[in-house]
Protein chains: 2
Amino acid sequence: MASLAAELGVSRTTVSNAYNRPDQLSPELRRRVLETARRLGYPGPDPVARSLRTRKAGAVGLLLTENLSYAFRDPAAIGVLEGLALACEGAGVGLHLVPASPGRDDVAAVHRAGVDGFVVYSVPDDDPHLAAVLARPVPTVVIDQPRVEGVDRVGPDDAAAITELADHLVGLGHRKVGVLCMRLARDRNDGFVPVERQQNAHFHVQRTRLEALAKAFARVGVDWAEVPVVERFDHTVDDGASAARQLLDSYPQVTALICTSDILALGALAEAERRGLRVPADLTVTGFDGIAEAERAGLTTVHQPVLEKGRAAGKLLLASADHGAPRVITLNTELRIRNTSAPPRTMEEHWFGP
Amino acid sequence: MASLAAELGVSRTTVSNAYNRPDQLSPELRRRVLETARRLGYPGPDPVARSLRTRKAGAVGLLLTENLSYAFRDPAAIGVLEGLALACEGAGVGLHLVPASPGRDDVAAVHRAGVDGFVVYSVPDDDPHLAAVLARPVPTVVIDQPRVEGVDRVGPDDAAAITELADHLVGLGHRKVGVLCMRLARDRNDGFVPVERQQNAHFHVQRTRLEALAKAFARVGVDWAEVPVVERFDHTVDDGASAARQLLDSYPQVTALICTSDILALGALAEAERRGLRVPADLTVTGFDGIAEAERAGLTTVHQPVLEKGRAAGKLLLASADHGAPRVITLNTELRIRNTSAPPRTMEEHWFGP
DNA sequence: ATGAAAGCGCTAACAT
DNA sequence: ATGTTAGCGCTTTCAT
């Protein structure tokens with residue numbers, strides 16, 4: 001830029017103005033500046049230098065707990081991403097996906113990200129990347145989890161939502177239930193979950209849902225310590241199927257499988273079919289999220305507005321006027337009763353048919 | 001940072017080293033620096049200033065022709081994104097989604113993006129955002145389109161791929177065909193496409209496919225000027241259905257509908273069902289891409305490795321050693337003949353049954 | 001309407 | 001092992 005100014009015999013200020021404040025220049029001069037720039041191969045102001053000077057990066061960072069590519073496998077995550085992208089697009093700011101693998105604790109990527117703020121989507125409360133984000137002097141919005149003191153948050157009321165679902169099942173008469181849940185902590189534990197691990201789960205959403213389920217079933221006399229809960233570290237339909245298999249192999253008397261995501265529930269449905277169990281006659285299966293595939297499958301589930309979740313987070317972040325109190329946006333959820341939930345078969349029905 | 005150094009009675013270099021080159025410091029001093037930093041609330045080196053100094057942003061930009069959120073609706077685009085994210089993650093660099101709406105010609109977002117390079121995915125050759133990207137002094141890789149002189153590119157051999165498909169249809173005996181294609185230029189034209197518009201299409205991929213189809217059918221005596229081609233600006237299953245409706249309303253004698261994407265083909269399938277046309281007995285339908293939904297639907301299509309496409313582009317960009325000749329990666333495609341293509345019914349069959 | 005001066009926060013040579 | 005010096009390229013008062 002210096003050489004350009006020299007060549008033109010003007011100051012650098014003038015060149016800068018030619019790009020950033022056309023009204024501060026005679027149109028004629030501006031034209032000359034731009035043309036000379038082209039001739040000399042000057043590509044326009046360097047965005048990084050500009051960011052340093054203006055203290056604005058023009059981008060927001062997104063931190064996920066998972067491999068970046070995970071976000072593109074899970075329909076619910078895609079919905080959140082889409083909503084967030086929408087909000088960013090509306091404001092003309094970029095969306096910077098931070099490369100944070102769950103395995104390696106390499107937090108450097110968070111430090112390196114030139115962004116004006118972060119959206120953190122569904123990470124465990126002890127995630128080192130999260131700590132790194134919070135240490136940065138930029139605003140942050142958390143989607144779903146964890147709850148962090150003083151930090152904005154967007155998410156559903158998980159306890160209320162799943163309580164409604166539990167009450168539905170209780171009302172149908174289910175007492176022998178099993179649960180399929182997602183990862184509860186950063187360490188892999190593909191299998192049954194002792195109550196202690198449930199209570200200490202670092203993924204707040206899962207912990208809340210399990211707690212709410214325990215409470216709802218306790219009200220009708222079910223001892224939660226007796227309820228089998230199977231955890232899966234990875235989140236695919238196949239994992240849901242294998243979890244269902246593991247649970248039903250040991251607890252064939254279960255009449256309802258409560259899954260903390262639609263993905264897992266879809267897998268449970270597949271496993272039920274494999275075993276020749278009719279849903280919902282022989283087995284009730286429920287999900288959580290309300291993704292399109294679940295609707296197609298007729299799954300009874302709790303629907304949450306994932307796109308809205310992403311968008312709300314983006315808007316919150318971009319509207320970060322130095323607020324005093326942290327803001328919390330609670331999204332509406334809706335129990336959608338479809339074709340995978342029904343009363344359990346009684347013993348009579350079991351032996352003599354309905 | 002200056003005040004931190006002052007407080008500690010050391011130079012700024014030492015503070016910098018504490019963060020960036022632990023080996024240049026006594027562990028003891030380093031510990032003291034980091035602790036004092038915490039106490040003083042110094043959040044660590046500013047990423048933007050560091051980028052300015054090191055000339056490395058630690059991120060690659062992604063430019064899409066569409067609303068950012070479009071990328072999250074199209075399974076093929078998601079695949080590309082995932083592959084690209086994978087490559088970025090592997091290298092520890094961020095993925096910066098550039099907010100470039102197709103409508104507004106606001107190129108500023110491209111100028112503002114602090115990135116070390118760009119991946120451009122499927123944009124028209126006259127896209128102003130593309131021009132802005134190429135003007136930046138950073139390496140660029142194009143996925144699919146357009147072809148730009150001297151710029152790296154990753155994509156399938158569209159002509160060869162669709163020629164194979166055309167030959168399949170020709171072999172089955174189809175001569176009365178119709179085509180459903182995606183957007184051919186930046187202006188909206190939802191309807192039939194005159195040959196001239198086909199030849200002047202700014203989306204190179206679509207143009208290539210149409211040209212190859214024309215050539216393949218010309219070889220068996222079909223006059224391409226007589227072949228109906230319907231274009232859709234938006235790319236949804238519903239658009240595919242409405243395009244099929246528009247085409248079949250005017251050309252009911254068509255025996256095969258060639259769609260330039262699986263999404264459009266899925267819509268065509270829906271429309272065929274709506275009209276009571278059996279596929280493939282009454283109507284052959286083909287797609288392009290090989291997305292999961294297409295496989296489920298049993299669609300005859302051309303499969304291309306979308307994830308690999310994104311990953312290859314990312315690797316190419318990240319390995320941008322000042323190469324002499326531009327590099328081109330051609331991906332393998334594969335004709336997948338499934339249940340939506342069959343010989344056309346003859347007139348006899350039509351009147352008297354098979 | 002244009003220019004001069006100052007500095008955003010950092011790191012990389014090159015000393016010592 | 002630590003300090004000195006010199007910018008990276010830009011924008012922004014404030015003057016003229």
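Note that this is a predicted model, so its numbers are computed, not measured. Chain identifiers are assigned alphabetically (A, B, ...) following the order of the sequence lines, protein sequences preceding nucleic acid strands; residue numbering begins at 1 within each chain. For the numbers below, each heavy atom of this structure counts, side chains included, while hydrogens, waters and symmetry mates do not.
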Task: A:R50 vs D:dT11: side-chain N/O to OP1/OP2 distance below 4.0 Å - done: yes
Open item on the list: With side chain to side chain contact (heavy atoms under 4.5 Å, CB included) as the test, pick out the partner of B:H129 among B:V120, B:V107, B:V123, B:L134.
Closed with: B:V107
- [ ] Could you list by number each residue of residues 6-15 of chain B showing a heavy-atom separation from DNA chain D of less than 4.0 Å, or answer none if no residue does?
- [x] B:G9, B:V10, B:S11, B:R12, B:T13, B:T14
Task: Ion pair check, A:E35 and A:R32, cut-off under 4.0 Å - done: no
Tell me which donor-acceptor pairs under 3.5 Å the side chains of residues 79-88 of chain A have, and how far apart each pair is, sequence neighbours excluded?
unit_1: A:E82; atom_1: OE1; unit_2: B:R73; atom_2: NE; d: 3.2
unit_1: A:E82; atom_1: OE2; unit_2: B:R73; atom_2: NE; d: 2.7
unit_1: A:E82; atom_1: OE2; unit_2: B:R73; atom_2: NH2; d: 2.8

Task: Bend angle of the helix from C:dA1-D:dT16 to C:dT16-D:dA1, end axes from five pairs each (to 10°) - done: 20°
Open item on the list: How long is the straight-line distance from CG of B:L307 back to CD1 of B:I78, given to the nearest 0.5 Å?
Closed with: 11.5 Å
Task: Boundaries of the DNA chain C segment in contact with chain B, non-hydrogen, under 4.0 Å - done: C:dG9 to C:dA12
- [ ] Provide, to the nearest angstrom, the distance between the CZ atom belonging to B:R112 and the C1' atom belonging to D:dG9.
- [x] 17 Å
Task: Near-strand residues of residues 18-33 of chain B, defined as heavy-atom separation under 4.0 angstrom from DNA chain D - done: B:Q24, B:L25, B:S26, B:L29
TODO: Only counting residues at least two apart or in another chain, list the ones meeting side chain to side chain donor-acceptor pair (under 3.5 Å) with B:R39.
DONE: none
Task: Non-hydrogen side-chain atoms of A:K56 and A:D116 separated by less than 4.5 Å - done: yes
Open item on the list: Ring-plane angle category for A:F72 and B:F72, please: parallel below 30°, perpendicular beyond 60°, tilted otherwise.
Closed with: parallel
Task: 4.5 Å side-chain heavy-atom contact, A:K309 and A:D144 - done: yes
